[in-house]
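In this chain, numbering begins with 1 at the start of the sequence shown.
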Amino acid sequence: MVNPIPRLVRVSDQATATAPKRVTILGSTGSVGRNTVDLIARAPERFAVEALTGYRNVSLLAEQARMLHARLAVIADPDLYGALCEALAGSDVLAAAGPEAVAEAAARPAEWVMAAIVGAAGLKPTLGAVRRGAVVALANKECLVCAGDLMVAEVRAHNAALLPVDSEHSAIFQIFEFERAEAVERVVLTASGGPFRSWSKERMARATPEEAVAHPNWSMGAKISVDSATMMNKGLETIEAYHLFPIEKDQVDVVVHPQSVIHSMVSYCDGSVLAQMGAPDMRTPIAYALAWPRRMSAPVERLDLVRIGALTFEAPDENRFPALRLARAALVAGGSAPAVLNAANEVAVAAFLDRTIGFLDIAAVVEDALAAVPARPLADLDAVYAADDEGRRVAQAAVARRTGKN
Ligand code: NAD
Ligand code: MG
């Protein structure tokens, strides 16, 4: 099967733009969102902010909206509307609340939209931005995992563009020769290995949420930090890479590289391997997407290879980290399987974070869910939501079985 290629580059974007770029940040209060705000605040003459959205952090959202002179600030929790109005009193920023208002924020006219909501909750607003032909900087990988084929079809139908923000995919975007895609042999995603890289299964069975979110190299939100610890993150990224780049499902490899200096690699048919390197700071891939098709300066630590001294690599251990194998199986099964995988993983990670299940139960719950729901074709968005619902339901049941509450 020929993989659908999102239109990553559009002629109109190559023109020299002088007017400030109008931008919206979905999930501005999160880790990727805050890094995006930081870059924009350092180059205020280059950007005009249309909308910012957050879930519950009213004070940070209001502070960002005032600082960046946003037109609109949206808090996803409808109960916090009054608090947001109060926090914005005396400013020109419009306030709105609720999930529908988040989707409306995405539909407002901004040429560039950062999709940095975590999980399947980001699907609807991200699609809203795609459907009006925006350039969408995609951090929210769960969107592509659960609705990849549909999303890519929408990107093409509406002449939108997806720019990868995930550091691995930004790396690949920077080194992938799109005009000579047939010469690409493999795409190699690097993984730090997470905080439990060298832990035994017995030790991992007793891992606490605090230990799981303490990532050695990157500072990130809680959900993706747990995904890094289980290596489900690399599984989700394998699926993400398949949708973003013109490659087949079996052309994505994962290699553990604890220093997180090489962010990913592309190998070509002549034996050449290109790698993109940098300090592990999300502001580099965010700046790449923000300034694309140009570059902008980012205040990140410069890479000092002499100080680092050695870069090391090892194979991932799929016995201790079964999530990687599960994600690959879901990619191969196709249809609804990745949506079920993603939904079950969201449920399991939340249950682990609130100490309902143990760390090793996360992959076990996902495995149970995949076994319980046969892969079905996904004809439309309703089918994606149905698969997401079913994945959540069977995963909740699997969590309850593990805690004896069925
Ligand atoms: P985070 O938890 O720090 O932030 C998530 C954002 O989404 C916050 O603004 C939160 O308010 C908002 N949000 C959460 N639930 C919501 C809901 N139901 N409705 C509306 N808004 C909601 O997460 P993060 O680490 O910034 O990650 C965001 C996305 O980027 C994830 O998909 C993650 O996988 C991806 N990503 C993150 C990093 C990183 O370094 N943090 C790197 C690569 C990819
Ligand atoms: Mg990544």
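Here Asp281 contributes atom CG and Arg302 contributes atom CZ; the two are 9.5 Å apart, rounded to the nearest 0.5 Å.
In this structure, Gln251 contributes its side chain and Glu185 its backbone to a donor-acceptor pair below 3.5 Å. Using a distance-only test at 3.5 Å, with no hydrogens or angles considered, a donor-acceptor pair links the side chain of Asp317 to the main chain of Arg320. Distance alone, capped at 3.5 Å, places no donor-acceptor pair between the Ser167 side chain and the His263 backbone. Here the side chain of Thr36 pairs a donor or acceptor atom with the backbone of Val32 at under 3.5 angstrom. Under a 3.5 Å cut-off, the side chain of His169 and the backbone N or O of Leu244 do not form any donor-acceptor pair. Of the possible polar contacts, none joining the Ser28 side chain to the Gly33 backbone as a donor-acceptor pair under 3.5 Å is found. Between the side chain of Arg328 and the backbone N or O of Thr238, no donor-acceptor pair lies under 3.5 Å. Formation of a donor-acceptor pair under 3.5 Å by the Lys21 side chain with backbone atoms of Leu290 is found in this model.
A search for salt bridge (charged side-chain N to carboxylate O under 4.0 Å, His left out) contacts involving Arg206 returns nothing, not counting sequence neighbours. Under the rule for a salt bridge (charged side-chain N to carboxylate O under 4.0 Å, His left out), Arg393 has no partner lying at least two apart in sequence or in another chain. Every side chain to side chain donor-acceptor pair (under 3.5 Å) that Glu301 has, sequence neighbours left out, goes to Arg307. Partners of Asp388 by side chain to side chain donor-acceptor pair (under 3.5 Å), not counting sequence neighbours, listed by chain and number: Arg392.
No hydrogens or angles considered: nothing links the side chains of Thr29 and Asn57 as a donor-acceptor pair under 3.5 Å. Under 3.5 Å, the side chains of Gln174 and Ser170 contain a donor-acceptor pair of N or O atoms. Counting only N and O atoms by type, the side chains of Gln259 and Thr312 include a donor and acceptor under 3.5 Å apart.
Side-chain contact between Ile247 and Val252 is present, with at least one heavy-atom pair separated by less than 4.5 Å. Side-chain atoms of Asp368 and Arg402, non-hydrogen and from C-beta on, do get closer than 4.5 Å to each other. In this structure, the side chains of Leu123 and Cys146 come closer than 4.5 Å at one or more pairs of heavy atoms.
Taking the ring centre of Tyr242 as origin, the terminal cationic atom of Lys249 falls inside the region bounded by 6.0 Å and 45° from the ring axis.
Under the 30°/60° scheme for interplanar angles, the aromatic rings of Phe178 and Phe245 are found to be tilted.
A salt bridge does not link Glu240 with Lys234: none of the charged nitrogens is closer than 4.0 Å to a carboxylate oxygen.
For residues 26-37, there are no salt bridge (Lys or Arg N to Asp or Glu O under 4.0 Å) pairs, not counting sequence neighbours. Listed by first then second residue, pairs satisfying side chain to side chain donor-acceptor pair (under 3.5 Å) with a partner in residues 127-145 read Arg131-Glu154, Asn140-Glu142, Lys141-Asp166, Lys141-Asn233, Lys141-Glu237, Glu142-Lys223, not counting sequence neighbours.
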Worked check of salt bridge (charged side-chain N to carboxylate O under 4.0 Å, His left out) between Glu367 and Arg325: CA-CA 10 Å; Glu367 186 152 26; Arg325 168 176 58 75; 3.6 Å; yes

Pair Glu210, Arg355 - check salt bridge (charged side-chain N to carboxylate O under 4.0 Å, His left out), show working. CA-CA 11 Å; Glu210 291 74 19; Arg355 295 173 214 276; 2.4 Å; yes

Derivation and outcome, ring pair (Phe, Tyr, Trp, His ring centres under 6.0 Å), residues Phe196 and Phe359: CA-CA 11 Å; Phe196 306 153; Phe359 181 75; 4.9 Å; yes

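The only option from Ser260, Ser192, Ser225 that meets the side-chain hydrogen bond (donor to acceptor under 3.5 Å, both in side chains) definition with His215 turns out to be Ser192.
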